[in-house]
Undergrad: 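The structure follows.
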4 protein chains.
Amino acid sequence: MIQCIGLPLTLILRVRKKEQNLCLQDPFFILENLKAQRMRSNSRSFWLCTILLILLMSATESDVQRRKKVIFFGDSITQAGVQPGGYITMMQDALRVEKQDVNYELIGAGIGGNKIYDLYLRMDEDVIAKNPDIVIIYVGVNDVWHKQSYGTGTDPDKFEKFYTAVIDKLLKRNIRVVLATPACIGERTDFSNQQDGDLNKYSNIIRGFAEKYNLPLVDLRKAFLDYNLNSNPENKESGILTTDRVHLNAAGNKLVAEKMWESIKPL
Amino acid sequence: MIQCIGLPLTLILRVRKKEQNLCLQDPFFILENLKAQRMRSNSRSFWLCTILLILLMSATESDVQRRKKVIFFGDSITQAGVQPGGYITMMQDALRVEKQDVNYELIGAGIGGNKIYDLYLRMDEDVIAKNPDIVIIYVGVNDVWHKQSYGTGTDPDKFEKFYTAVIDKLLKRNIRVVLATPACIGERTDFSNQQDGDLNKYSNIIRGFAEKYNLPLVDLRKAFLDYNLNSNPENKESGILTTDRVHLNAAGNKLVAEKMWESIKPL
Amino acid sequence: MIQCIGLPLTLILRVRKKEQNLCLQDPFFILENLKAQRMRSNSRSFWLCTILLILLMSATESDVQRRKKVIFFGDSITQAGVQPGGYITMMQDALRVEKQDVNYELIGAGIGGNKIYDLYLRMDEDVIAKNPDIVIIYVGVNDVWHKQSYGTGTDPDKFEKFYTAVIDKLLKRNIRVVLATPACIGERTDFSNQQDGDLNKYSNIIRGFAEKYNLPLVDLRKAFLDYNLNSNPENKESGILTTDRVHLNAAGNKLVAEKMWESIKPL
Amino acid sequence: MIQCIGLPLTLILRVRKKEQNLCLQDPFFILENLKAQRMRSNSRSFWLCTILLILLMSATESDVQRRKKVIFFGDSITQAGVQPGGYITMMQDALRVEKQDVNYELIGAGIGGNKIYDLYLRMDEDVIAKNPDIVIIYVGVNDVWHKQSYGTGTDPDKFEKFYTAVIDKLLKRNIRVVLATPACIGERTDFSNQQDGDLNKYSNIIRGFAEKYNLPLVDLRKAFLDYNLNSNPENKESGILTTDRVHLNAAGNKLVAEKMWESIKPL
């Protein structure tokens, strides 16, 4: 950015780079590191130090700018995700505890009943206008569910087309894209939930996109099934990870938060 | 049927009973057996033989009555089952080859688009009026499929009620009842056929009835999945056992014929 | 009921018959009439009076039996009909005011979500077992609505078959049958409510049955449209006769009560 | 465009304007008109006339360029419209007879099963890339129909959003836009066709757009109903204007061709 007498820029950048990698293990790393380096540059004169402070402040400023903006783009599950106990709130709380909240801004952009083409229709306003660094596309339940409940689900081929359009539009703006499969409509583990076939089909489409575009995948459908195979011996329809077969209870929000973070953290 | 000097009726009847059990292993058993017994009974007098002839005639009569009438009660799959190459035609051909067609009358009572309550509505006329010995209830595909294609599928609890009503009405008339699960709507083996969840659910209901009523079960859903797991490595939607995801091709008709017969034979 | 010296039974019975015809115009008619007749029959002997008393007791008995039992057989609209303010409650209140509640027993047999075949399945228990004089069949909304909301509506031809079965079973037991058309799913008057086409179709089926069987028809669909044409100038979806496009508000319950009574009264 | 000695440009433009209004009554109008005006400019010298001829030729050229490209943008009905006997073919034939085919190029851009968002997804490639002068949007049947047949119809609010997006994109490119309402799914005249309510609803949405954007409207839904009220006394489901309740027979294609042309001609 600018050359800085007494603290070579390369060093700052190196530190910053490390910071990104280490940020979750030790949020205090940068300050300590900077102090150490300041020691080494102890012999320099006072005015250089003053400049350094100014530069550091501007660095801090740019640091604020580089705080990663993460948008969770989805339906009612994500809309509930920003409520107390919601999966986004959980991640935010965890970041605060780990003092990582300075590095991440988590934004919920979920609207109840949304299907893939609803996301497409509102992505300019609700996502792109906010200049996110990372967008998690978490949709699919209503594309399947509304077939039965309203007769207005999404044909698989249209699901692919609009999903592709959403991905393309984000990637063109150099936004990091993370995909998530729809977790479940019913928690039975013997594939006897009414929409299991279709949810598997649409999840396969999303998995295919993750592979084709080489994008991180939060395979919630798999995660939920695995969890239920262990924790739902009575083959219940709901109550393990959901309250009503679809929307997340505390355990569900926790599982989604963990799985989401695993994919967002390395970006 | 055959001339028989000095063969006691009780013996014939006993043979006949054995015949039923052994008929498929060796259709020629009876003739051989009867010949052997004729030798042993050679010394009896003429008048006894005359009485015997009369008895035999009545035995033949009761034999005709005891030719088992088997009705396959179902939908379009069963309607096609009586066509050349259909699963019922296949069983009939096999019986003819094995000279068992004198012992069984196979009747197709399938009507395209039928759901469980269609069977219920027409069972008096199409089944009970024909005095069957055995009825195979083979239904369920349309109860699930019509949810999507016409909006007129069958609620699970109504499926249970009408299915129970059909079983009860048959059992009350001492008709042997065999249950069959709906094979498939789509042959993919990864549970990504749209109706897989619902088909599993309704199959579970039928399996439950088989257990509750202690009735033979032709678990076609399981048989088709097992077959496809071996023979459908490309995870195709159709073409392995069906022509169109639902209706049977030659291999499908053969598999259904075999599985059906396994359950009917011991009755 | 009342002491009656020297009033010939035939006369009482004749009065009673008149009473039925006149009851709504003047509920006090009978008492006055009976008094007048008592005067005229003053000179008869004691022993005749004793016989008469016995006969009267049996008449009273038959009178109790002849209190008309009216069953409203339907869905959630009828289930709500017995609540305070419900259409059945309204009729009962009106009968009480007019002192006609001794002549009628109104029974609600409505269950939420019921379609024609639900009525069929529970008619033995919920209707026939109660020995009603009159049954009003008020069904059809869910047969149409569930096509969209659950995929489990009723095919028109099955609607006809089960409806016929219900009518036949009631008529065979000499129960008077009254038919009602499904009022509405949405109150717009320009036929732009989503299910208007289907509701008209199923209402036409019911109208056809009324004609074919020569049964009284409560054409609620027509009554609701006529009412809305006058009272819904803004073409609202609900709020005129319904709270939610389907279930009755106060005005709706009043309209249904009036129309129902018009058909029940003359029976 | 350029000033032309002997034939004032304003005159040419006036003629051209008349031409647009009169073109269908007399396609030879322009030439005759031009000749007449040329007479009036007889006194001018030969070389001026030569320039004029050149200018006229360029005018003719621009005339060729101004041959109006009309795209019919729709579903299977429009896909069939370019077949022999189809409504677009009929218009083309009529133009040829009237020697107007030099002034219009009619293009069918219909794909079976298309809903409004299918039009949206392919409009760049199939419509805008072809630089049309006029686009007729003729869609809606599948948005309604697929609710029942596949569970993938279009919610009314999404129908509005995508329809608006299609209109906006065309108008921004100065393309003349004509709207058409979906004619029918079933020809019964008593509003008892299953989708009548919804078709009316979606037609109302389209009528609203015609008013809001001040666009020509081909109200086929109204035209078909009016026609059937006269010509379908038996209240048949199909066979009057359609072969199968939806797709056009000869009379249907003729009616659509006429109604379409009434709106396109004045543009």
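Side chains included, hydrogens not; waters and symmetry mates left out as well; all remaining heavy atoms used. To find a chain, count down the sequence lines: A is the first, B the second, and so on, and within it residues start at 1.
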Undergrad: Are Asn204(C) and Asp190(D) packed together at the side-chain level, in the sense that at least one heavy-atom pair is separated by less than 4.5 angstrom?
TA: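 Side-chain contact under 4.5 Å: yes.
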
Undergrad: What's the separation between atom CD in Glu237(C) and atom NZ in Lys201(D), rounded to the nearest 0.5 Å?
TA: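 Nearest 0.5 Å value for the CD-NZ distance: 5.5 Å.
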
Undergrad: More than 12 foreign heavy atoms under 6.0 Å from NZ of Lys158(D): is that the case here?
TA: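 Atom NZ in Lys158(D) is packed in, count exceeds 12.
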
Undergrad: Here's a test for you: under side-chain contact (heavy atoms from CB on, under 4.5 Å), which of Asn200(C), Asp196(C), Asp198(C), Val144(C) qualifies with Gln194(D)?
TA: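 Option passing the side-chain contact (heavy atoms from CB on, under 4.5 Å) with Gln194(D): Asp198(C).
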
Undergrad: Does atom NZ of Lys69(D) have more than 12 heavy-atom neighbours, drawn from other residues, nucleotides or ligands, at distances under 6.0 Å?
TA: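 Yes, NZ of Lys69(D) has more than 12 neighbouring heavy atoms, counting only those of other groups under 6.0 Å.
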
Undergrad: Within the supplied structure, the quantity of interest is the number of heavy atoms (other residues, nucleotides, ligands) at a distance under 6.0 Å from Asp157(C) CG; does it exceed 12?
TA: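 It does: Asp157(C) CG has more than 12 such atoms within range.
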
Undergrad: A quick test of your reading: do over 12 heavy atoms of other residues, nucleotides or ligands sit less than 6.0 Å from NZ of Lys169(D)?
TA: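 Result for NZ/Lys169(D): enclosed.
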
